[in-house]
Undergrad: 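Before we start, here is the structure in question, set down as structure tokens.
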Protein chains: 2
Amino acid sequence: MNKDPLLGYISTYVKLTAEEETLLLSKVIYRSYLKDQYIVQQGDVCKSINFITSGCTKTFYMNAKGQEHIVSFSIEDWWTSDLGSFINKTPADFNIQCVENTKLIQFTNENMEELYEKIPKLERLFRKIVERAFISSQKRIIRNFSLSAKERYQIFKETYPKIEQRVPQYMIASYLGITKEFLSKIKSQLLHH
Amino acid sequence: MNKDPLLGYISTYVKLTAEEETLLLSKVIYRSYLKDQYIVQQGDVCKSINFITSGCTKTFYMNAKGQEHIVSFSIEDWWTSDLGSFINKTPADFNIQCVENTKLIQFTNENMEELYEKIPKLERLFRKIVERAFISSQKRIIRNFSLSAKERYQIFKETYPKIEQRVPQYMIASYLGITKEFLSKIKSQLLHH
DNA sequence: AAATGAAGTTAAACTAGATTAACATCTAAA
DNA sequence: TTTAGATGTTAATCTAGTTTAACTTCATTT
């Protein structure tokens, strides 16, 4: 039925007519990236909002000392972008890099504006998507404050079992806000209970 | 011109007609709370999205050990809610409590849905509001990972000078994710440089 | 089959920030 | 005017997590 993964995804939020679906697909760009390629580089303006159809990316901040801090991983059926940079056309705070070969569907800022005008239902779609993202971001702040690294790791494994198996351990440590050495210690503690 | 602070605020995002403004005002509830009163209690379902017209609130999570972790402060012209609870009608993760006597304008879930149907421009308004909230939440996660408590305190002072003067220091410590004793130490370090 | 490098482990020494506890200051009520 | 509660400070001790560094394991290339 839904030949396109994006349309399938959208239909779970809002119902588009056939014409709207055609218009939408005419305004998106299909792209493939190889493992390790950058979709967005910190300092550049982020030109797209991206819907991932296959693969895996990491969004990270690199500080002055050259340390990576991973904000999020994204896999199939998730969105990724530096939203602040995309909306305000300011230099990106984050890098988005492929952890696997990745296929995605891009919306540029101009196409996005046009689509919002022509298909107002998309305002609702993206309102809801951003609401969810915001809610989970708030929860993450609280978890980082109130839980130990070990507890955060256990919750990560439960919440994102797929991601845990697909990305190297040192990236998980970075996502959790700890060093790879300390995550290694936590894992051995959990093994030898 | 704009007799109502809410309409004034909204007009900076989207232009409403006089009829739309009237409809909107007919669907909101004006409320006053005293200092220390709760607007939302953790565990209850959060029934409203609130636009603050005067006063100050704190949104915090209380963990199993009874420790408060402040997620955010809100003052005039800001919104406050437990969005996850409001949208999904699930028990609230957070408490929202007044730090000062506070006046606010409430949108219930049903009124909100009705307003979205009748004034589609509001979808855009709230999309943009939530986008901003999400962007700053992401930045906060990164700051908590990559900066020391002293640096976070300095950024807090620069970013929210008004709030710093209005809330007690132990709440700022909680917002920063540190103890009041450690914030006290940081302040004396900054004084006697 | 050896060599290179990326990813993960272990352990010792170290530090940012927590905990505990005693004390200080301020305010508002009685 | 005293008292009591809330807020803030100082200092000693403690700990979760970092740093550094040496070592292991595994996959890929030559």
Side-chain angles (χ1 to χ4, degrees), chain A residues 34-37 56 58 60 62-70 73 97-101 141-157 163-193, chain B residues 34-37 56 58 60-70 73 97-101 141 143-157 163-193:
Chain A
L34 294 174
K35 184 180 174 186
D36 295 336
Q37 274 193 305
C56 180
K58 62 172 173 176
F60 65 100
M62 181 158 289
N63 71 9
K65 294 166 214 141
Q67 292 160 323
E68 270 189 34
H69 296 278
I70 294 181
F73 296 107
Q97 187 182 17
C98 297
V99 176
E100 303 173 355
N101 293 343
I141 289 174
I142 283 302
R143 270 189 242 116
N144 288 345
F145 276 161
S146 62
L147 301 179
S148 69
K150 188 190 272 183
E151 291 167 317
R152 267 145 46 210
Y153 172 59
Q154 287 172 315
I155 288 173
F156 175 80
K157 281 204 299 186
I163 292 176
E164 211 238 334
Q165 273 140 32
R166 282 164 72 170
V167 308
Q169 197 167 308
Y170 72 91
M171 289 188 197
I172 295 173
S174 170
Y175 176 88
L176 295 172
I178 59 177
T179 58
K180 60 185 170 36
E181 290 85 356
F182 192 54
L183 179 54
S184 185
K185 197 173 184 177
I186 287 170
K187 287 187 84 168
S188 85
Q189 276 173 19
L190 289 171
L191 271 175
H192 322 108
H193 72 288
Chain B
L34 295 174
K35 184 179 172 184
D36 294 338
Q37 276 195 303
C56 180
K58 62 173 173 176
F60 65 99
Y61 168 76
M62 182 158 288
N63 72 9
K65 292 165 217 143
Q67 293 160 323
E68 271 189 34
H69 296 278
I70 295 182
F73 297 107
Q97 189 183 16
C98 297
V99 176
E100 303 172 356
N101 294 343
I141 290 174
R143 270 189 241 113
N144 288 345
F145 277 162
S146 61
L147 301 179
S148 69
K150 187 191 273 183
E151 291 168 317
R152 266 143 47 209
Y153 172 59
Q154 287 172 314
I155 288 173
F156 175 80
K157 281 204 300 185
I163 293 177
E164 213 239 333
Q165 273 141 32
R166 282 164 72 170
V167 307
Q169 198 167 308
Y170 73 88
M171 290 187 197
I172 294 172
S174 170
Y175 177 88
L176 295 173
I178 59 177
T179 58
K180 59 185 171 36
E181 290 85 356
F182 193 55
L183 179 54
S184 187
K185 196 173 185 178
I186 286 170
K187 286 187 84 168
S188 84
Q189 275 174 22
L190 289 172
L191 271 175
H192 321 107
H193 69 289

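Below, read A as the first sequence line, B as the second, and so on, with proteins coming before strands; counting in each chain starts at 1.
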Undergrad: Quickly work out the A:Gln189 CD to C:dA11 C1' distance and round it to whole Å.
TA: 14 Å
Undergrad: Check the distance between C:dA18's C1' and B:Ile186's CD1 and give it to me in whole angstrom.
TA: 12 Å
Undergrad: To the nearest Å, give me how far apart CZ (B:Arg152) and P (C:dA16) are.
TA: 13 Å
Undergrad: Whole Å only: how far is the CG atom of B:Asn144 from the C1' atom of D:dG17?
TA: 16 Å
Undergrad: According to a strict under-4.0 Å criterion, is A:Thr179 in side-chain N/O contact with OP1 or OP2 of D:dT18?
TA: yes
Undergrad: Should B:Glu181 and B:Lys185 count as side-chain neighbours, where that means a heavy-atom distance under 4.5 Å?
TA: no
Undergrad: Give the B/S/- string for nucleotides 4-9 of chain C, one per nucleotide from 5' to 3', where a protein heavy atom under 4.0 Å of the base yields B, of only the sugar-phosphate yields S, and otherwise -.
TA: ---SSS
Undergrad: Which nucleotide wins on minimum distance to the side chain of B:Ile178, given the candidates C:dT10, C:dG17, D:dT19?
TA: C:dG17
Undergrad: Could you check whether A:Arg143 pairs with A:Glu151 (Lys NZ or Arg NE/NH1/NH2 to Asp/Glu carboxylate O, under 4.0 Å)?
TA: no
Undergrad: Where the side chain of A:Ser174 meets the backbone of A:Glu68, is there a donor-acceptor pair that is under 3.5 Å apart?
TA: yes
Undergrad: Among the nucleotides C:dG17, C:dT19, D:dG17, which one has an atom lying closest to any side-chain atom of B:Gln67?
TA: C:dT19
Undergrad: Check for a donor-acceptor pair, side chain of B:Ser184 on one end and backbone N or O of B:Lys180 on the other, with a separation under 3.5 Å.
TA: no
Undergrad: Keeping the roles fixed (side chain from A:Gln97, backbone from A:Asp36), state whether a donor-acceptor pair exists under 3.5 Å.
TA: yes
Undergrad: Whole angstroms only, please: what is the CD-P distance between B:Glu151 and C:dG17?
TA: 9 Å
Undergrad: Measure CG/B:Leu176 against P/C:dA16 and give the value in whole Å, please.
TA: 17 Å
Undergrad: Let me know the distance between NZ of B:Lys65 and P of C:dA18, rounded to the nearest Å.
TA: 12 Å
Undergrad: So, do B:Gln67 and B:Met62 sit near enough that their side-chain heavy atoms are less than 4.5 Å apart?
TA: no
